[in-house]
Structure formats: structure tokens, C-alpha cells
Amino acid sequence: YIANGGKSADHANAVPEADPSEAERQTAIAFLKVIVPTACNGKTTTDEKKAAVTLALANYPTVSKFFTADSPEVAELIGA
């Protein structure tokens, strides 16, 4: 115990946990890849697609926390 600077041996070499917000963002990206094409289905113009994505994201606060219709990731998915 003392040899490890006051920490138990179990925690001496512990690996720090990944940033939870980054894990949440990665999950949001996975959902975004489904939400955007579904929302854009049948839409032809970029403005129609952005409006549809904005409406769809309103139903997914865990995704809209990270992304909007103007996010580069969304633009890539809608082909803008």
C-alpha cells in the first residue's frame, strides 16, 4: 500500500476510462447514420433535406446534443 504511494495495488496501474462524452458522441453518430437517410427519403433539394433532418433530430435529444442539420457530418450524409 505505502509502496504504491498510498494506493492499493489494484489501482496502481489502472487505465483511465474513456471520455464518456466521446463514447456518447460515437453512439450519436451511429444513430445519425440511420436518422438522416430516413429523414431525407423522398426529398430532392438540400433545403428540404435539412428541414427534414431538423424535424427528425427534434425527436432524438441525445443525437441533437451533438449534431444539427448544419453539422458537417449531416452535410456529408445528405450529399450537400
Side-chain angles (χ1 to χ4, degrees):
Y1 177 81
I2 293 176
N4 286 325
K7 298 177 184 172
S8 67
D10 293 344
H11 300 298
N13 295 320
V15 176
E17 290 186 30
D19 181 5
S21 62
E22 182 57 27
E24 193 176 5
R25 187 177 187 283
Q26 293 303 316
T27 300
I29 287 174
F31 277 96
L32 192 70
K33 289 178 180 181
V34 175
I35 295 166
V36 172
T38 302
C40 293
N41 191 22
K43 310 297 185 275
T44 55
T45 68
T46 300
D47 287 341
E48 286 177 324
K49 291 175 183 179
K50 282 186 174 185
V53 168
T54 298
L55 188 62
L57 288 177
N59 295 313
Y60 299 93
T62 55
V63 178
S64 63
K65 170 178 167 177
F66 296 99
F67 305 104
T68 69
D70 294 317
S71 297
E73 296 84 354
V74 172
E76 184 179 319
L77 290 168
I78 65 174

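The structure displayed is predicted, hence computed values, not measured ones. Start at 1 with the first residue, then count along the sequence.
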Can you name the nearest heavy-atom pair linking [X] to [Y], along with the distance?
| X | Y | answer |
| --- | --- | --- |
| Lys49 | Thr44 | CE-O, 4.1 Å |
| Leu57 | Ala69 | CD1-N, 4.2 Å |
| Thr68 | Val74 | O-CG2, 3.1 Å |
| Ala52 | Ala39 | CB-O, 3.3 Å |

- By side chain to side chain contact (heavy atoms under 4.5 Å, CB included) - contacts of Ile29 (at least two apart):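 Ile29 satisfies side chain to side chain contact (heavy atoms under 4.5 Å, CB included) with Arg25, Gln26, Lys33, Phe67 only.
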- Message: Hydrophobic clustering (ILVMFWY, side-chain heavy atoms < 4.5 Å, transitive) - are Tyr60 and Val34 grouped together?
- Response: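 No, no single cluster joins them.
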To the nearest 0.5 Å, what is the distance between [atom1] ([X]) and [atom2] ([Y])?
| X | Y | atom1 | atom2 | result |
| --- | --- | --- | --- | --- |
| Asn59 | Ile35 | CG | CD1 | 8.5 Å |
| Leu32 | Ser64 | CG | OG | 10.5 Å |
| Glu24 | Glu22 | CD | CD | 10.5 Å |
| Glu76 | Ser71 | CD | OG | 12.0 Å |

- Does a sphere of radius 6.0 Å around CZ in Phe31 hold more than 12 heavy atoms from other residues, nucleotides or ligands, not counting ones at 6.0 Å or beyond?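 For Phe31, atom CZ is not crowded (no more than 12 foreign heavy atoms under 6.0 Å).
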